[in-house]
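We count residues from 1, following the sequence as given.
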Amino acid sequence: MSDRAKEALRAESANLRATAQDVVLSGTYLYPFRGILHLTTHPPLYKPLTKRLSQTLVAGVSITSALFFFTYVPQTAILSFTAGPFFAPIAAALLVLSEASAVTHFVARGWILRDALVDVFDAVLLEKGCERLVGSGRQLKSASGVVNRLGKMVKKPFGPGSDRNGGFIKGMIRSLVMLPLNFIPVVGTALYIYVAGKKAGPAMHERYFQLKGLSREQMETWVKSRRGAYTGLGMASVVLEMVPFASMVFEFSNAVGAALWAADLEKTEK
């Protein structure tokens, strides 16, 4: 059994090294940062964001208040055994804030911001000359400005209950379960970013797969052949969305970055 465990550990270590090398060589971890620059230099893309700003803020305050009311005391009691009675209240407060951020992120992305993120994604593709691709998923108007050209969606984004990419509810539970990893110095946070990023990367191109008309099997094959690239994209996006009070803005800039990569992939294919 010991030999088997050692062999499994060596195999996993080799897999992690290979993935890390693929992530570095792909360069896709730069796209979320390119998304920030692109978003700040293209004000018309703010329009979908500003429409949902107040709704997301209300949801965030409500979720944070509810979690503090119902979970702060129980989590403080549990953490007192591991962090000690002095640090437990502080650790519990940080944990509740992390949980609130994760829940708000999933609620906003699944319901409030879903269509707005699709609008931004499609608008960037239009900017980059992918008109035929965007036209396969929505009507395009004859108007000035890429955002104003976006008409009614023909292909709707997948709903929160969709099982595509693991499912909305499963994703939220997975993130909440993994959040305590952040309390393990350095290693825990790195592991959280890696695991969350591995799932987040493909999810960021869900609209791209939809516009291309890929089946579930085709999508899985596509992602598998670019596993390191999608992991790098997801990890960088997760890091940005962990920034307190700015996660919603980074949601949009990450969508812009994902669209920029999709446009580059289209050019490569052609």
Taking salt bridge (Lys or Arg N to Asp or Glu O under 4.0 Å) as the definition, give me every residue that meets it alongside E217, ordered by chain and number, with sequence neighbours left out. none

Does L37 have any side-chain contact (heavy atoms from CB on, under 4.5 Å) partners at least two apart in sequence or in another chain, and if so, which? T40, T41

Using the side-chain contact (heavy atoms from CB on, under 4.5 Å) criterion, which residues pair with K47? Sequence neighbours excluded. K51, V147, N148

Set of residues satisfying salt bridge (Lys or Arg N to Asp or Glu O under 4.0 Å) with respect to R132, sequence neighbours excluded: none

For residues L57 and L49: do they belong to one hydrophobic cluster (side chain heavy atoms under 4.5 Å, members Ile, Leu, Val, Met, Phe, Trp, Tyr)? yes

Sorted by chain and residue number, the salt bridge (Lys or Arg N to Asp or Glu O under 4.0 Å) partners of E266 (sequence neighbours excluded) come out as K212

Is E220 salt-bridged to K224, cutoff N-O under 4.0 Å? no

Are Y194 and L30 grouped together when hydrophobic residues (ILVMFWY) are joined by side-chain heavy atoms under 4.5 angstrom apart? no

With no hydrogens and no angle check, is any side-chain donor or acceptor of H38 less than 3.5 Å from a backbone partner on R34? no

In terms of hydrophobic clusters joined by side-chain contacts under 4.5 Å, are V124 and L265 together? yes

Using the side-chain contact (heavy atoms from CB on, under 4.5 Å) criterion, which residues pair with Q218? Sequence neighbours excluded. L214, S215

Applying side-chain contact (heavy atoms from CB on, under 4.5 Å) to V23 and not counting sequence neighbours gives T19, Y29, T231

Report whether L150 and Y46 are members of the same hydrophobic cluster (ILVMFWY, side-chain heavy atoms less than 4.5 Å apart, transitive linking). yes

So, do V238 and Y192 sit near enough that their side-chain heavy atoms are less than 4.5 Å apart? yes

Do E131 and L125 have side-chain heavy atoms sitting under 4.5 Å apart? no

Could you work out the complete set of other residues in the hydrophobic cluster of F87, with links drawn between I, L, V, M, F, W and Y side chains under 4.5 Å apart? F86

Rounded to the nearest 0.5 Å, what separation is found between the CE atom of M204 and the CG atom of N254? 4.5 Å

Nearest-0.5 Å distance, CG of residue D122 to CZ of residue R207: 4.0 Å

Do P48 and F252 have side chains that get closer than 4.5 Å, going by heavy atoms? yes

Hey, does L233 have a side-chain heavy atom less than 4.5 Å from the side chain of P32? yes

Rounded to the nearest 0.5 Å, the CD atom of E269 sits from the NZ atom of K267 at a distance of 13.5 Å

Taking all non-hydrogen atoms of both residues, which atom of S253 and which atom of I36 are closest, and how far apart? OG-CG1, 3.6 Å

For residues 56-85, which residue pairs qualify under ring-ring contact (aromatic ring centres under 6.0 Å, His included), counting only residues two or more places apart or in two chains? F68-Y72

Which residues pass the salt bridge (Lys or Arg N to Asp or Glu O under 4.0 Å) test with K128, not counting sequence neighbours? none

Check: R227 and K198 side chains under 4.5 Å, non-hydrogen atoms: yes

Considering residues at least two apart in sequence or located in another chain, which fulfil the side chain to side chain donor-acceptor pair (under 3.5 Å) criterion with S136? none

Would a line drawn from the ring center of H205 to the ring center of W222 be shorter than 6.0 Å? no

Which distance, rounded to the nearest 0.5 Å, do you find between the NZ of K199 and the OH of Y230? 15.0 Å

Could you tell me which residues satisfy side chain to side chain donor-acceptor pair (under 3.5 Å) with S26, sequence neighbours excluded, listed by chain and number? T28

In terms of hydrophobic clustering (I, L, V, M, F, W, Y; side-chain heavy atoms under 4.5 Å; direct or indirect links), are L97 and L67 co-clustered? yes

Do the rings of F121 and Y208 sit parallel, tilted or perpendicular, given the 30° and 60° boundaries? tilted

To the nearest 0.5 Å, tell me how far L133 CG sits from Q210 CD. 10.5 Å

Between R138 and V118, is there a side-chain heavy-atom distance shorter than 4.5 Å? yes

Heavy atoms only: give me the nearest V223-P202 pair and the separation to one decimal. CG1-CG, 3.7 Å

Taking atom CG of L117 and atom CG of L113, what is their separation to the nearest 0.5 Å? 5.5 Å

